Amino acid sequence: MSVLNVTVNTQRLGELERQALELGQSVPAQLVAGRAAANYVRDYLFDLDAERANRMGGERTHFYSRAAKSLTEPKPDDVGVSFLITQTGFAQRLYGGVITAGKGVSSRTGELTKYLALAATSEAYGKTPGEFDDLEFRPTRNGGMLVQALQTQIVRGKKQKDGSRDFSTIAAGGLVMFWLVPEVTQEADPTVLPSNETIATAAADAEAGFLARHFGSN
Amino acid sequence: MSNAADILLDKKVMPTWLTTDDLRQIDATVRSQSFFSAQTMLNDLLEKYKDRIGGILNPVPAAGEATTQFSPAYVRQDIKQFLQEIGYAPAPEDAGTLKDLSSDARINLVIKMNTELAQGQGLWIANQNPVILDQWPGQELFRAEGRKVPRDWIDRWRLAGAQTGDPIGTGWTIAGDLMIALKNHDIWNWIGSSDLFDDALDVIWPPFAFNSGMWVRDVDRAETEAIGLLDKGEAAPQPMSIADALAAFVKKISAFAKEVEA
């Protein structure tokens, strides 16, 4: 699932919907309910973005802010009004589930992937293995790891009184950048979206306000 | 059309050698209908960007396909690979800078700005509905994403507001530390104008400036009235067509440019 569809069932708003229908205001009322629900979810996601930086401390990708901006304008449908959150990976975070390799094309080999690459350091966060040119594959029991190739660096010593200088070498690199696994099970995280009840309440409040202001009903 | 993916799809690719400054001389209406990147003559590269950013905005994988291809990281990698395949190499002095078409900084900027400009334009268009304008006549400019070195947007807001000729509290205001204005107020013509701010994108929707973390959100009628931007029951802002809005923007900017020259 690449896109999340959020539906606000305005039929459940009962009395409000009846009033709107009687007043011939069903479409505007749905529009208001939909926009209010969308605004509520957008604000929730922007707040989440401020609260949840990535745990590795790498450069932020602002995942939740991007999810908020990806929210489409609500459209009326059979049961009420719906909008989409088109941010890739958002539905996966919400519902969780197993992700298996073999569906995408490897950035390194151009063939179907054998492994999923999970960032192991902050430098790798938000990047793909294909963006590094110094990674070496090391097999592990359940998959593998991509490790920065070891490089020898020359360190210049202090200049001696007789003008000579010592040199020594140190090995740099060797850092594990990505873990490679054939599949991963992601826990569902229902907190990335407000509850259906609170979204519906935001929609109902706005619709009630709209009807009251224009037609004096409560 | 308020769908961000459709807005992007409708844009025509425009290869250009013009710099960011030179591009600002082109009519905002033309720019809003074009897909370009400063000093990028590679039509195929622009087409690839447009296609891949379209995938970010509307990620629809074929049956059984992975969705990772729609993440900005994979789009960035695809662009790098394309540039490598065509033998692109930056001038040595430009390597790694924004002038280097293959640098992370440049590719990230192109992806982020074009994704957000399409989303911002979509939001602006969706707002031009009498019901929405009546229910949410105001709009707040707020920080959606933190930045290491944030710009002083309150200062910009004041400057943009002063440019409208309306005193603070009339159509635009600062309530506490909230920057709020009526939708379609003149301040939105100035907050993203390069006549006032060198890093502005010359648009009337977010993100307004390069790499900005700012966005907009609705302010409902009750709050708009409470802070004095509308009297109780006063008519909401009138809907505008995008053509009229951009024409008004260009007129303002041109008049300002003449004033500065005089």
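A quick note: this is a predicted structure, and the numbers were derived from the prediction, not measured. All heavy atoms count here, side chains included; hydrogens, waters and symmetry mates do not.
Ranked by non-hydrogen atom pairs under 4.5 Å with chain B, the options A:Val27, A:Asp49, A:Asn39 are led by A:Asn39. The candidate from B:Pro59, B:Gly233, B:Ser71 with the greatest count of non-hydrogen atom pairs under 4.5 Å with chain A is B:Pro59.
Looking at B:Gln69, there are no atoms closer than 4.5 Å to chain A (heavy atoms on both sides), in backbone or side chain. If you measure heavy-atom distances from B:Asp220 to chain A, you find no contacts under 4.5 Å at all. For chain B, the nearby part of A:Arg42 is the side chain; its heavy atoms alone come within less than 4.5 Å. For chain A, no part of B:Asn108 is nearby; none of its heavy atoms comes within less than 4.5 Å. With a 4.5 Å cut-off on non-hydrogen atoms, B:Arg143 does not touch chain A at all. Interface remark: A:Ala36 contributes backbone and side-chain atoms alike to the contact with chain B (heavy atom separation under 4.5 Å).
Aromatic ring centres of B:Trp157 and B:Trp188 lie closer together than 6.0 Å. Residues A:Phe46 and B:Phe142 place their aromatic rings such that the two centres sit under 6.0 Å apart.
Between the side chains of B:Asn114 and B:Arg52, no donor-acceptor pair is found at a separation under 3.5 Å. Side-chain contact, A:Thr198 with A:Ser195: a donor N or O sits under 3.5 Å from an acceptor N or O.
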A:Phe178 vs A:Phe132, ring-ring contact (aromatic ring centres under 6.0 Å, His included): CA-CA, chis, key distance, verdict: CA-CA 11 Å; A:Phe178 293 94; A:Phe132 296 86; 5.8 Å; yes
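For B:Lys112 and B:Glu145, the salt-bridge test passes: some basic side-chain N is under 4.0 Å from an acidic carboxylate O.
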